[in-house]
Number of protein chains: 2
Amino acid sequence: MSRKKARAALLQELEEAMRRSSAQGVLYGQTVANVAGIANSDLECMDILYLEGRVTAGRLAEVTGLTTGAITGVVDRLEKAGLVRRERDEKDRRKVFIAVVPDAAMKIGQFYVPMQQAMEKICNGYSDEELRLLLRFANEGYKGVLAATEALKGLLDTPPEKRPALKLKKLRR
Amino acid sequence: MSRKKARAALLQELEEAMRRSSAQGVLYGQTVANVAGIANSDLECMDILYLEGRVTAGRLAEVTGLTTGAITGVVDRLEKAGLVRRERDEKDRRKVFIAVVPDAAMKIGQFYVPMQQAMEKICNGYSDEELRLLLRFANEGYKGVLAATEALKGLLDTPPEKRPALKLKKLRR
DNA sequence: CTAAATCTCTTAGTGACTAAGATATATATC
DNA sequence: GATATATATCTTAGTCACTAAGAGATTTAG
């Protein structure tokens, strides 16, 4: 096999592996929501709140891609479950900040323990330098996927007949 | 900073980076479903069909975690959209295989082009050996998350008071 | 002070989902 | 071979999260 072919095969294998693991990650999230007894989007919002801290309802809508109306429902449910609190911004009284109730973060956090333990065990098999490589890749991947998402959204606003033809790779099977 | 602390910080940073990129991956998928004009689960099933080839309705339910009733709906919609075909198994006439209509794979596949191009560009910055490391990690990660998912599901069948207390890491913030 | 903009919430309607059971086919037991 | 049990998909009724549109409250611009 030529050097070039070997690399193409490697890239394809990597893509498939990442798709598989990412799909399983989604399933893990669904299972967490299930066990925690909350809806999927509710958990996603908890996750965002955990990563970003106290954010407005509008920002949640922006990040999740849901309408503000849907977010009202999400926050209602989370508030009723005692997981978050609404806090009106005193500077701009239109805004509503959503904040995680401290103890709640742990209640939800415990369901990520099996995952964290699994990842930790796996990471033990890698040197610091290797982990830094993985970190770099994850960061670049994030930026790449973010940009790709925007590019794709751009397609939505372009009428189909005006869309630039995308160059297709040949598909397997 | 001690060697140990540096590593712990690295691990945490890696975890956060992976969560972020994985969340963005989910959003990319939602956008694809949106642009393609199909439901999220429908796209997920197309993905599975693409990875696993021709599978039964029951297997789709198993892999997605949906009920068989929901899968009936998914397949109905996908069939109506001309993306898949139902094929009765002649050996066991209870079974229904779901197969992707060949051209349809490309129709959907094109929406992954922005993502693939982004990933390819990123991968160009890595040597074969580095990509092999990433592949190994992705594969191990998949297995780890799969196992963690099962562990978590196990919790569901255990009454809460009998659940083994999970050791909690201290949470940020 | 008024008009426009911004932010969240409300309402009505839609659609995908679950639970339970119906239907059809296959396998095991007598 | 007939009967019972198991397996695989589909159907039905009801639920719940979502969107679209617009209302209400507050801020900013003219």
Stepwise side-chain contact (heavy atoms from CB on, under 4.5 Å) test for B:Ser21 and A:Val145: CA-CA 7 Å; B:Ser21 61; A:Val145 178; over 6 Å; no

Euclidean distance, atom CZ of residue A:Arg86 to atom C1' of C:dC9 [Å, nearest integer]: 8 Å

Sequence neighbours left out, what passes side-chain hydrogen bond (donor to acceptor under 3.5 Å, both in side chains) with A:Glu79? Give chain and number order. A:Arg86

Main-chain N/O of A:Leu49 paired to A:Glu52 side chain as donor or acceptor, under 3.5 Å: no

Please lay out, stage by stage, how B:Val84 and B:Met46 fare under the test side-chain contact (heavy atoms from CB on, under 4.5 Å). CA-CA 8 Å; B:Val84 305; B:Met46 285 299 290; 3.7 Å; yes

Calculate the interatomic distance between B:Leu78 atom CG and C:dA16 atom P; express it in whole Å. 11 Å

According to the interplanar angle, ranging from 0 to 90°, do the rings of B:Tyr28 and B:Tyr112 count as parallel (below 30°), tilted (30 to 60°) or perpendicular (above 60°)? tilted

Measure CG/B:Asp76 against C1'/D:dT9 and give the value in whole Å, please. 11 Å

Check the interface with nucleotides 17-25 of chain D: list each N/O to N/O pair with the protein under 3.5 Å, or write none.
from: D:dC18; atom 1: OP1; to: A:Ser41; atom 2: OG; distance (Å): 2.4
from: D:dC18; atom 1: OP2; to: A:Arg77; atom 2: NH2; distance (Å): 3.3
from: D:dT19; atom 1: OP2; to: A:Thr67; atom 2: N; distance (Å): 3.2
from: D:dT19; atom 1: OP2; to: A:Thr67; atom 2: OG1; distance (Å): 3.0

Reckon B:Arg88 touches a base, only the sugar-phosphate, or nothing at all at heavy-atom distances under 4.0 Å? nothing

Whole-Å gap separating C1' (D:dA8) and CD (B:Glu87): 17 Å

Any side-chain heavy atom of A:Glu15 within less than 4.5 Å of one from B:Met119? no

Separation of atom CG in B:Asp92 from atom P in C:dA26, rounded to whole Å: 6 Å

Taking CD from A:Glu62 and P from C:dC7, how many angstroms apart are they, rounded to a whole number? 9 Å

To the nearest angstrom, the NZ-C1' distance between B:Lys95 and C:dT27 comes to 13 Å

Can you tell me the distance, in whole Å, between the CD atom of B:Glu44 and the C1' atom of C:dA16? 13 Å

